[in-house]
Amino acid sequence: MTLYKSMPSSRFLFRCAFLLAWVSASLAAEPAPGREFVPLFAPLRTPDVVLAPDGRHVAYALHAGGSTALLVVNVDHPTEKTMVAKCNDARTEPGDAEDSPVPLRFLDWATANRLVYSFAPATGLPQQFFAVDADGKNTMKIIEQGDLDYFASEADESAPAGGSSGSSSTARTPRPLRVLGFLPDHPDELVIEAIGELIPRTTNVPTALFAIGVESGRLRPLGEGMVDAVLQYDQQGSPRIAIGAPTADSRETISLSENPHGWDQWIDLNRYLGAGENRFTLSASNVFDRRAFPVGFDYDPNILYFASNIDRDTYGIYAFDLKKKQRTALAIEDVTVDLADAAAAPESSPLIFDRERHTLVGVQIAAPDRRVKWIDSDLREAQSTLEEKFPHRLVRIGGWSTARDRFLFSVATPFDPGRTFVYDRPHDLAIEFFRRAETHASVIARTLAFTVDLPSGEKMEVWLALPAQNKINPPPLVVYCPDQLTPWEPLAPQPDLEALAKLGAMVARVEYRAASGVGQKNLASFRAAFDRASADDLVAAMAWIAAHYPYNSRRVAIVGQGFGGFVALRALQLHPDAFRCGIMIDALTDLNAWLSTDAKVAEQNALNFGAQAVTQQAAEIAGETARAEDRPRGSPSAPGPLRHGGPDFIAAGLGGGRVIATEQNALHTGPTERLSYPQRFADNARRAFFGVTPKELAERSPFAHPELVAKPILFLQNRDDPATAVARAQAFSAMLKKLGRESMYVEVDGQFARRLPYASARAFAKIDEFFNLHLYNFRVDLGETKEAP
Amino acid sequence: MKTGSAWISFSIQRVALSLFGIAVFALKISAVETLVSGPAVELPALVVTEKQGPIPWRYGQISGLQILSACSDYKTSLFIDRVYRQQQLLDLLLPTTLQLRTAAPTTIIVITEEMQRAISAEVAEAMVGANMSGADKNSRTARLLPSLMLWADDSPVVFVALPEDDLASHEVEFNEHAIRSLLLRRTPALPAWFIEGFARFHGTAHPKSANNRMNADDWAEPNIDQLVIDRGAWLSDGETEAVRNDAEFPRALLPLRELFQPTLTRSDPAETQAYFERWASQAALFLRWGLDPAGGRRDAFLRFVEQASARAEPIDDAWTLQCFGQDLTDLRDTLSDFLHEAVNEPRTMPAKITGSANLKLHAATRSEIALTKGDWERCEIAYVKSKYPTLADKYIAQAGRTLRRAYEQDARDPRFLGVYGLFEAQYGDAAKAREVLTAAVDAQIVRPDVYYTLARLRYDEAKAHPAALGGKFSPRQVAGVVAPLLTASKQAPALAPVFDLLTEAWLRAAERPSQTDLAVLEEGLRAFPRSKRLLFGAALLNGISGDRARALLFIERALRESPTPEERNRLEKLRAVLAPSAAAARTN
């Protein structure tokens, strides 16, 4: 106050202005590190979109300005646009420093006029499902997760076969929910499975099925049972296949319910079909080998579809007539790609049905580009028409109207999730509705996808991004090794690659051998020499690129993530002259550590997923039969479920895995990712696949040969990963330093693993710094000074 | 205003081109376009008997333009100045290399509205005299177009009626029809998407003076330093407004492959119209994107257009990648993203539009009147023949009167002789035509159609009386045909029949054409790269001359141009004859 009084007002104002100017100048002088990378990691603008059965409306989620709006637009009169719901961004994980969009867990049209949706609930809050008319009116909460909780009385707990009706005096157990879809005969009813649990000596909770009226919110129980398995339902909503949870060493049991309406009459599927002991059996040793597994039912409940690669290289789709106990003539096959993902969650399905015509129309291919093999000639023709309109792009039909006069589809490139269109077939017009992500034309000038013929005779996909702005000409090359053992969604943004391109480098994403989905032969050649083969693939890709798109061969960096980090490290060790430096993101350094499940992993899971997971994990480790849930991993290198690909596009279940077009946002996880195989089983399966002794694994681990690394390396390690992984990376970096090599170790957290914008920007600021030092540096070697004559 | 020969030769081109716009100029200038409402028979104005007494015609020439005017010198000059400025505006938007070049001057006839009314009555009279059906007489009313541009084969002739009030209060603009007409005749042919797109884009460009849009009064003392390009449009007013207000308003752009090679016909006419409108809107959007002053891609875009007109191959991904760094699908996306900006943001670019054309007029001589009026009346005949054949004889008679009377009165200006010869060749006496055309050619006039027509007459005669064995032309006969054609081939615009006739003459020659001769055909193919007729002829001549590999290349090119079944059959037969030898030649 004194100061103010002693100062003339004009002088005071001047001082304030000066201070403000100084503060803003200071802020401008020291911008947040890597701020320029933030836009590249922005979430998808329109992650979800669905077409109404009559083709007249499109419902979509639009993320903008810190919230996600759910909008409905009239296709014929697009000015008629209604916002039916809105959800502000939120901190989605404990410890997050920045908000993320709240994803939709479910979005689909029940009828031409009634839309059902559900946003992911905030931590601790129940999931809620709403229904709304196309014009935005009659919004109704039709169900809340708590409505499907299990209520058990004292008596019930001792006799776990009880029903779900509860009372105020009973104990309440929440159950995870899985949406199956809409009943064919009652499309105005949404069917939801409330998943029970059977944990010995703890609690028994039945799995139950409910139908919820989308107009009235009326809840109609469809049945329940004490089933310790993942269930596959037929199109009428009856549980027909029970896939027992495998323990670490035992075989998975697959059972069939002979009674279409029963929950308790199960028979071993192999025995029922007389199909041979091993046909429908999953064990750790055959996950990546030859086997068969059920993938869904036809609208005829006697027809069971299954995938099999027995007697062939790739998985095909076939069918059993359960009544006649014999195979039908159906054989959907492709000699180059698997038509089912052997490592996908057991409740997912590659089958696509037309829910209006009640027919199987297509199969989702398990190969990386996730194409659909259409069986229906009309849809095949539509696909072909659209591909003609958008050549050299990934065109994916995501839905169609009952009359098949309108199709929802997206057009993307490997680096760009692209745009969503409605194809108006009578007028032969592709109407563009949304751009799914912001374009970054100032970063990437052009993307290319090509196939490289490997010396072994196999083919390898390579995606190349040419930078919009070079720092030097020709530009450096960054070889990016993805984590081939985790799913890649090609239609999702590739912000890492864009950020690398922003640094002025050509970026090549190399699909080195290890990708599942392309048959046994490919896997076998990888298995034979998985470290050297992958490293050789990278070199082959570089040679091809050099011949077609010149880059500065003296400035090549290699970047690897997760298992890709293992490949990148091995490439640095085996081909030291090919690279100038490397960046390892949560890299796998020690195969033995990776393939071991021990108490530390359980501890880590407990940290991640809470006490219930500890109980499950403990029970599992103790060798008891218990289903352990694997949650999506915080980081690709963290021990995780054995999966490649995932049900990101096709929702299995009622409605027969209809395409629901809830294309997965890389930043959130879909409902069907919740279930997967237990950790120990996954590790055993991996061990079975790699099939070498611990000594051999150690020999092939980069960790064992730090002396072979001659080039500078930056380790970016997620501190939230299992302690063993963090410790190995840290130790590896220290060993390199001790050997006199240049190595930087930088810890990041789960926010970077989930690629939240600011966390990612900070990480890429480090990468930028590292590249400036080691990729772009122009070292001048001066000779001895000589006097001029 | 600049002076000097270099400028003059440049200016010739520019002013000549300006006249294409005049066909619609009158529509812009006043309300005289429609004398009566309702359905009308559109007839070109007949400048006939001058019943009201001799018209004091004034004649003048500026670079590339000859004017015959019945208006005052002041008004005529004012009008020509405006046209001249419009041409400068056009040049700012489109390099002259992409415009039509005509070596012969463009003819413009200017009359007053009063004269137009009188002519209207004459035409009505003519109609009554003609053998028109009762239905036509009852349901249609004669209407004169206030301005009309007709095309001789090698240059335009324009007829325009100026309003009686002060011309300074009217703005002169070339309209879409005029621009299309201009671009359509350029060789090599410009792509259809470019013509349509530019015609629409051009209409949004206006001069701007001293921070304001030009007012009509400013035309008297132009001080133009900027060109403003108005906001664009998309499909309809409603769609434009919607896209303007909502950057994400759904839009249906055609795949670029379809933009470049449209299939415009649909079973339903309404569908065809809707499709055409979409195609044309997108073409205009593409033009706006390509020529966007803020886009920095104008040069690349213009190179792309030039290549698209010169190359026979369809535009593909590799091509657009090379030009724009984007493949066709990326380019479609780019246009889609640009749409919101295009309909929202006007653009400005520096522009310098200067001065007057300095037209000097004098009392027209008999030759000058006959030359201009006669050419106009000659061009009218084809127009009337195509629309109202029963009236054609009257137009032929009128043109004949104008030209023959002048010839009888000793008009011997070579340019007049050229016009007269063309008329006689088309509608009168071939012998007379040959006589006067020979005289015009001997005087070395600049008019390719004159040389072609003379060559055609000689060819017909040689064909009727071949002087070599086997019905072939003697070297003398061939030379007689080829010499004027070679001259024509060096004058603008390139005329496809010139090269077709060259081919036919050499095919009928007793001696094989030389490599120099065949090089002329290559020139023709540069101007008409997709002409199946010329490609077939070139294949035949190269085959005869022994270059069978080259002949096969021409056959392949012709087969890519969607030949009719009959044409395909002929091409494949020729290929079968040539192929084995070509294969052997490659082996050797």
Side-chain angles (χ1 to χ4, degrees), chain A residues 45-46 49 57-58 60 62 64 69 71 73-81 385-395 406 408 411-413 415-416 418-424 426-441 444-449 466-468 549, chain B residues 234-236 238-259 261-268 270-275 277-279 281-282 295 314-318 320-322 324-340:
Chain A
R45 294 178 70 249
T46 54
V49 53
H57 291 95
V58 164
Y60 65 103
L62 175 68
L71 298 137
V73 59
N74 185 321
V75 175
D76 297 305
H77 306 286
T79 48
E80 293 176 17
K81 196 187 285 187
T385 301
L386 296 175
E387 283 176 354
E388 267 177 38
K389 287 183 184 295
F390 299 93
H392 318 304
R393 294 294 184 279
L394 301 171
V395 176
R406 285 189 174 158
L408 184 74
V411 179
T413 67
F415 290 72
D416 176 8
R419 295 153 197 264
T420 302
F421 296 79
V422 170
Y423 177 51
D424 181 345
H427 298 98
D428 191 29
L429 278 181
I431 308 163
E432 181 186 331
F433 270 74
F434 331 102
R435 222 171 47 206
R436 298 189 63 228
E438 294 296 343
T439 56
H440 304 126
I444 292 182
R446 194 178 152 207
T447 59
L448 306 143
L466 306 182
Y549 299 93
Chain B
W234 179 246
L235 296 181
S236 65
E239 289 263 340
T240 303
E241 199 57 27
V243 176
R244 202 166 273 166
N245 295 330
D246 179 2
E248 299 216 70
F249 186 79
R251 73 286 307 265
L253 272 75
L254 301 172
L256 268 280
R257 204 178 297 276
E258 228 172 302
L259 175 70
Q261 289 178 292
T263 315
L264 290 172
T265 47
R266 298 284 187 278
S267 53
D268 177 4
E271 282 279 311
T272 303
Q273 181 57 34
Y275 182 86
E277 192 51 44
R278 188 173 301 283
W279 174 79
S281 282
Q282 191 168 331
I315 296 167
D316 58 11
D317 288 320
T320 54
L321 265 171
Q322 193 183 24
F324 305 116
Q326 303 183 48
D327 68 12
L328 290 167
T329 308
D330 279 341
L331 208 46
R332 192 221 72 92
D333 291 350
T334 298
L335 291 185
S336 176
D337 294 344
F338 180 67
L339 178 59
H340 179 65

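Numbered from 1 within each chain, the chains take letters A, B, ... in sequence-line order. Just so you know, these numbers use all the heavy atoms, side chains as well, and skip hydrogens, waters and symmetry mates.
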Region of Leu256(B) in contact with chain A, defined by heavy-atom distances below 4.5 Å:
neither

So which residue, Ser336(B), Pro250(B), Ala252(B), Ala274(B), ends up with the most heavy-atom pairs under 4.5 Å with chain A?
Pro250(B)

Out of curiosity, Leu429(A) CG to Leu253(B) CG, how far, rounded to the nearest 0.5 Å?
10.0 Å

Starting at CG of Asp333(B), measure out to OG1 of Thr413(A) and round the result to the nearest 0.5 Å.
9.0 Å

Phe249(B) side, atom CZ; Lys81(A) side, atom NZ - distance, nearest 0.5 Å
8.5 Å

Interatomic spacing from CD in Glu271(B) to CG in Asp428(A) - rounded to 0.5 Å:
9.5 Å

Applying ring-ring contact (aromatic ring centres under 6.0 Å, His included), name anything that partners Tyr275(B), two or more places apart in sequence or on another chain.
none

Part of Leu466(A) lying under 4.5 Å from any heavy atom of chain B
neither

With sequence neighbours excluded, what pairs up with Phe434(A) under the ring-ring contact (aromatic ring centres under 6.0 Å, His included) test?
Tyr60(A)

From the list Asp268(B), Thr334(B), Leu328(B), Asp317(B), the residue making the most non-hydrogen contacts under 4.5 Å with chain A is Asp317(B)

What's the verdict on side chain to side chain contact (heavy atoms under 4.5 Å, CB included) for Arg393(A) and Asp327(B), showing C-alpha distance, side-chain angles and the deciding distance?
CA-CA 11 Å; Arg393(A) 294 294 184 279; Asp327(B) 68 12; 2.8 Å; yes

Minimum heavy-atom distance Glu248(B)-Arg435(A), with the two atoms named:
OE1-N, 4.0 Å

Among Asp246(B), Asn245(B), Asp330(B), who wins on heavy-atom pairs under 4.5 Å with chain A?
Asp330(B)

Under a 4.5 Å heavy-atom cut-off, does chain A meet the side chain of Arg251(B), its backbone, both or neither?
both

Determine, for Glu258(B) against Lys389(A), whether the closest basic-nitrogen to carboxylate-oxygen distance falls under 4.0 angstrom.
yes

Evaluate Asp337(B) against Arg419(A) for side chain to side chain contact (heavy atoms under 4.5 Å, CB included), listing each step before the verdict.
CA-CA 11 Å; Asp337(B) 294 344; Arg419(A) 295 153 197 264; 2.9 Å; yes

Look at atom CD of Glu387(A) and say whether more than 12 heavy atoms of other residues, nucleotides or ligands are closer to it than 6.0 Å.
yes

Any ion pair linking Glu432(A) and Arg332(B) (charged N to carboxylate O, less than 4.0 Å)?
yes

